[in-house]
Amino acid sequence: MQRPVGSEFGFPPDVCHFWELIFKKNRQNPPEMPFCALLLVLLNIVPHLVWSQLQITYPANRIVYQRDVNNAATFTVAGTYSQLLDRVEARFVPVQGGIATGWTLLEARPAGGSFAGQVTLQGGWYSLEVRGMLNGNPVVTATLERVGVGEVFLIMGHSNAQGGVKYSPSRPATDDRVNSVDLSKYDFKGYNNNADPTFMSKLDFIQLCDTCSIAPYNSIPWLWSQLGDSLAKKLDVPILLYSAAYGGTNMEQNYKVIKGIPFTLFGPDPFAGFRIGHPYSNLKNALLRYVPTTGLRAILALHGENDVGSSKDDVIKYYQTTIEQSRIDAGQPTTPNVFRGPDLDQNPDPSFRRPAPDLLHYTEAGQAEMARRWNRALDDAFFALAPPVLPIPVPVATARCNDGTRLTLSLPATFASYSWDGAGNAPSITPAPGTYSATVRDAKGRFWFSPAALVPTNPAPPRPTLTAQGKTTFCSESGGVTLVASGNPLDTTYRWNEGQNQRSLRVNRTGEFTVRAYNRIGCFSEASSVLRTTQAPVPEAPSLAKTGPFTLRATPRTPSVEYDWQVATGDTLSKRAEYFKTSTSAAYRARSYNPVRLNGESLVCRSAWSLPFGVDLSEFGQEQFIVYPVPSADGFVTLDSRLEWSNLSVSVVTGDGKVIFQQIYPSFDGRLRLFLGQQSGKVYIHAQTPDVRATKAALVP
């Protein structure tokens, strides 16, 4: 008949009471038993060149974040991209349990090829979708198959916690939501030889299959896959398991490692385990390497059979020291709470343990039963009283161009060590193109794995093109021309060769212009091609003078210059010559213009308006023609007309009827100087059109 485990060793029946003794908890004593498993709860531990268009680099697939008391977790979503985006958004789609989210902003105006943002998610099992936006439209998407918010546990113990294929077969987790980190993802032999956590994998999560392991030390799922199934079903959230269990060890050895007391451990070199910190090193390394990222609900401790040679006081001391040290290693040395685990020896059934001579290790039936007992121990009261250890935000690299074209990746300078995938060991690196993530450790030895950041071949914005919104050869009075640089104004700023920093530039002079595009991390493009502008010469504003009763003249008169005339009230008159007929009393002004051809462009450049010139015609009544001077001292007079005339006939006739001068003018818009002859006496000037006839007398002395 199989003996109850522990009875043959005289294990103290009240070992389960030691937590109350240590922490003076006023709890009801558990039933007397030769062995019980123990549940430790650490409260409030605060813990390359192939790129797709959009890639999610963080979180890792199948990660489970420890949920808080409000059934939520906050974590980072990060990734890389290789096309122009002005916005990156994410949403979570429930796969089992959970609450769907809408599209949530991760980062606006991403630059340098990487993006990151924080999200808060309710407990559940999700797929993650990320999309890149440009001008309000999705242009690229990426998907992460699974990410969860749920419960995270760390197991410690001896062979009945570690398991082994030589004892009994393991079952896989049947629920997709039960996960672990697999030992095959790292150099386990190297790790086992020196207990260096850098040999452990980063964040390589798997569904706990029948051939899968549980990092850092369990080679098979053992009973924990079944516990994971039960918890996932009961809580309707995903489960993540770590295991530091080490077969053949006991709590005394954990204590001695912590205190630096040498001891022997099985193997060819009995002291090798002590020198590298086994068995406590597994628990410590899990707390340092994984828990800061995922958080933790509790440590599940399954020890007892191998501590039967120790007194109750010693067992209390071993546990108390291990608890205190684990809290220090986890970064929270003042955590007060410890809870009792299940009674694994209650109602012993011979089918639960392997037959003689073993009588210790679990059979398949034993695994199933112990998983059920653990599940019962992790009840609603436990989850209500055991506030979780929450994930600590992962550091995210920021990118900055240090010389305009080479990208520098930087992490906060608050960590104790950095390792950039072989690219450097400083907080900042300026590497060759590729993707880079860093493993960082703080002064307490805790690890974080920064999301991979992209260093593109050319992190600068595209070289801009300059476009003129109008002709580049212009007159100054037109205001010049507006030059506009290409690019996305949400992602780009600009710098012109003359120092301006806007996207468009108004130019009103002759010059040569280029522009560079800058993104928000300081990378800048090549200068654009040169765009040349030419300002055409502009005539000076004329001055006005009266040259006759009805005539104004604009001066100076330069070759190819013409004039616009305007009544000061604002009516522009259809007159182009330097002389202008003033038909009414008013103020008049003029401006000059000069038709030119430059750079293949025909332009008409106008001067400013002249000062107004007032004209008073009231003394002339309704007269249409005036002759002056009268009398004429030299025999010459000037005929001036109020209006412009077509087919004007002008003749000069002496008093006795002799015609001295006669001429028809098809278009008459100026003044006419007339010779009256050398004979003294009256002379008559006749001006006649088809519609008007006028005669004026002049006198030659």
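Keep in mind that the numbers below use all heavy atoms, side chains included, and drop hydrogens, waters and symmetry copies.
Between Arg87 and Glu89 a salt bridge is recorded (basic side-chain N to carboxylate O distance below 4.0 Å). In this structure, Arg591 pairs ionically with Asp564, as a charged nitrogen and a carboxylate oxygen lie closer than 4.0 Å. Remark: Glu540 does not engage Arg606 in a salt bridge, criterion side-chain N to carboxylate O under 4.0 Å.
Counted within 6.0 Å of CG on Leu611, heavy atoms from surrounding residues, nucleotides or ligands total 12 or fewer; the atom is thus considered open. For CG of Leu105, the number of neighbouring non-hydrogen atoms (other residues, nucleotides, ligands) closer than 6.0 Å is greater than 12.
In this structure the side chain of Tyr494 never reaches within 4.5 angstrom of the side chain of Leu505, judged on heavy atoms. Thr143 is not listed as a side-chain neighbour of Leu128, based on a closest heavy-atom distance of 4.5 Å or more. Contact annotation: the side chain of Val604 never approaches that of Cys475 to less than 4.5 Å [non-hydrogen atoms, C-beta and beyond]. Annotation: side chain of Ile99 is not in contact with side chain of Pro94 (no heavy-atom distance under 4.5 Å). Side-chain contact between Leu409 and Val455 is present, with heavy atoms from C-beta onward closer than 4.5 Å. Contact of the Thr467 side chain with the Leu483 side chain is not registered, since no non-hydrogen atoms from C-beta on lie closer than 4.5 Å. Annotation: side chain of Pro238 is in contact with side chain of Val64 (closest heavy-atom distance under 4.5 Å). Residues Tyr126 and Arg91 form no side-chain contact, since every pair of their non-hydrogen atoms from C-beta on lies 4.5 Å or further apart.
In this structure, OH in Tyr65 is found 10.5 Å from OG1 in Thr74, a value given to the nearest 0.5 Å. In this structure, CZ on Arg673 lies 13.5 Å from CG on Asp640, to the nearest 0.5 angstrom. Considering CG of Asn501 and CZ of Arg516, their distance stands at 15.0 Å, rounded to 0.5 Å. Taking CD of Glu512 as the reference point, atom CZ of Arg532 lies at 4.0 Å (rounded to 0.5 Å). Atom CZ of Phe550 and atom CD of Glu644 lie 13.5 Å apart (nearest 0.5 Å). Atom CD1 of Ile626 sits about 8.0 Å away from atom CZ of Arg642, to the nearest 0.5 Å.
Of all the heavy atoms in Ala397 and Trp420, the pair that sits closest is CB-CH2, 4.0 Å. Closest approach of Phe92 to Thr101, counting heavy atoms only: N-OG1, 2.8 Å. The shortest non-hydrogen separation linking Gln535 to Arg509 is OE1-CA, 3.8 Å. For the pair Thr482 and Ser504, the tightest heavy-atom approach, listed with the atom from each and the gap, is CG2-CB, 4.0 Å. Nearest heavy-atom pair across Thr492 and Ala517 is CG2-CB, 3.4 Å. Between Arg146 and Ser127, the shortest heavy-atom contact is NH1-CB, 4.3 Å.
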Exercise. Should Leu672 and Thr638 be marked as a side chain to side chain contact (heavy atoms under 4.5 Å, CB included) after you check the CA-CA gap, both sets of side-chain angles, and the distance that decides it?
Worked result: CA-CA 5 Å; Leu672 184 61; Thr638 299; over 6 Å; no
For this session: Decide yes or no on side chain to side chain contact (heavy atoms under 4.5 Å, CB included) for Leu407 and Ile521, but give the supporting numbers first.
Result: CA-CA 9 Å; Leu407 206 61; Ile521 60 173; 3.5 Å; yes
For this session: Might you work through the side chain to side chain donor-acceptor pair (under 3.5 Å) test for Thr534 and Thr510, ending with a clear yes or no?
Result: CA-CA 4 Å; Thr534 303; Thr510 297; 5.0 Å; no
For this session: Go through Ser607 and Ser592 one step at a time and tell me if the side chain to side chain donor-acceptor pair (under 3.5 Å) criterion holds.
Result: CA-CA 5 Å; Ser607 72; Ser592 57; 3.2 Å; yes
Problem set entry | Worked verdict on Phe613 versus Tyr588 for ring-ring contact (aromatic ring centres under 6.0 Å, His included) | CA-CA 5 Å; Phe613 191 98; Tyr588 296 86; 8.8 Å; no
Exercise. How far apart are the C-alpha atoms of Arg406 and Asn402, what are their side-chain angles, what is the distance that settles it, and do they pass the side chain to side chain donor-acceptor pair (under 3.5 Å) test?
Worked result: CA-CA 6 Å; Arg406 299 181 64 210; Asn402 61 354; 5.4 Å; no
Problem set entry | Thr430/Thr408 under side chain to side chain donor-acceptor pair (under 3.5 Å): CA gap, chis, key distance, verdict | CA-CA 4 Å; Thr430 305; Thr408 294; 2.6 Å; yes
Exercise. How far apart are the C-alpha atoms of Phe447 and Lys202, what are their side-chain angles, what is the distance that settles it, and do they pass the side chain to side chain contact (heavy atoms under 4.5 Å, CB included) test?
Worked result: CA-CA 9 Å; Phe447 289 78; Lys202 293 184 178 180; over 6 Å; no
Exercise. Would Asp421 and Ser437 satisfy side chain to side chain contact (heavy atoms under 4.5 Å, CB included), going step by step from the backbone distance to the final call?
Worked result: CA-CA 6 Å; Asp421 294 337; Ser437 63; 3.2 Å; yes
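Because its NZ or CZ atom is not both nearer than 6.0 Å to the ring centre of Trp565 and within 45° of the ring axis, Arg589 does not count as a cation-pi partner of that residue. The cationic atom of Arg495 (NZ for Lys, CZ for Arg) lies less than 6.0 Å from the six-membered ring centre of Tyr518 and within 45° of the ring axis.
A donor-acceptor pair under 3.5 Å links the side-chain atoms of Arg506 to the main chain of Gly480, judged by distance alone. Judged purely by atom type and a 3.5 angstrom limit, Asn70 has no side-chain atom pairing as donor or acceptor with the backbone of Ala72. Panel note: side chain Lys581, backbone Ser641; a donor-acceptor pair is recorded below 3.5 Å. Formation of a donor-acceptor pair under 3.5 Å by the Thr689 side chain with backbone atoms of Asp691 is found in this model. Side-chain atoms of Asn594 never come within 3.5 Å of backbone atoms of Cys605 as a donor-acceptor pair (strictly under, hydrogens ignored). A side-chain donor-acceptor contact under 3.5 Å links Gln66 to the backbone of Val152. Side-chain N or O atoms of Arg441 include none that pairs as donor or acceptor with a backbone N or O of Ser417 at under 3.5 Å. Side chain of Thr141 to main chain of Arg131: no donor-acceptor pair is present (N/O by atom type, distance under 3.5 Å, no hydrogens or angles). Judged purely by atom type and a 3.5 angstrom limit, Ser450 has no side-chain atom pairing as donor or acceptor with the backbone of Trp448. Side chain of Asn179 to backbone of Phe205: no donor-acceptor contact under 3.5 angstrom is found.
For the side chain to side chain contact (heavy atoms under 4.5 Å, CB included) test with Phe115, the passing option among Leu54, Thr57, Val396 is Leu54; the others fail.
Side-chain rings of Tyr563 and Phe580 stay apart, their centers remaining 6.0 Å or farther from each other.
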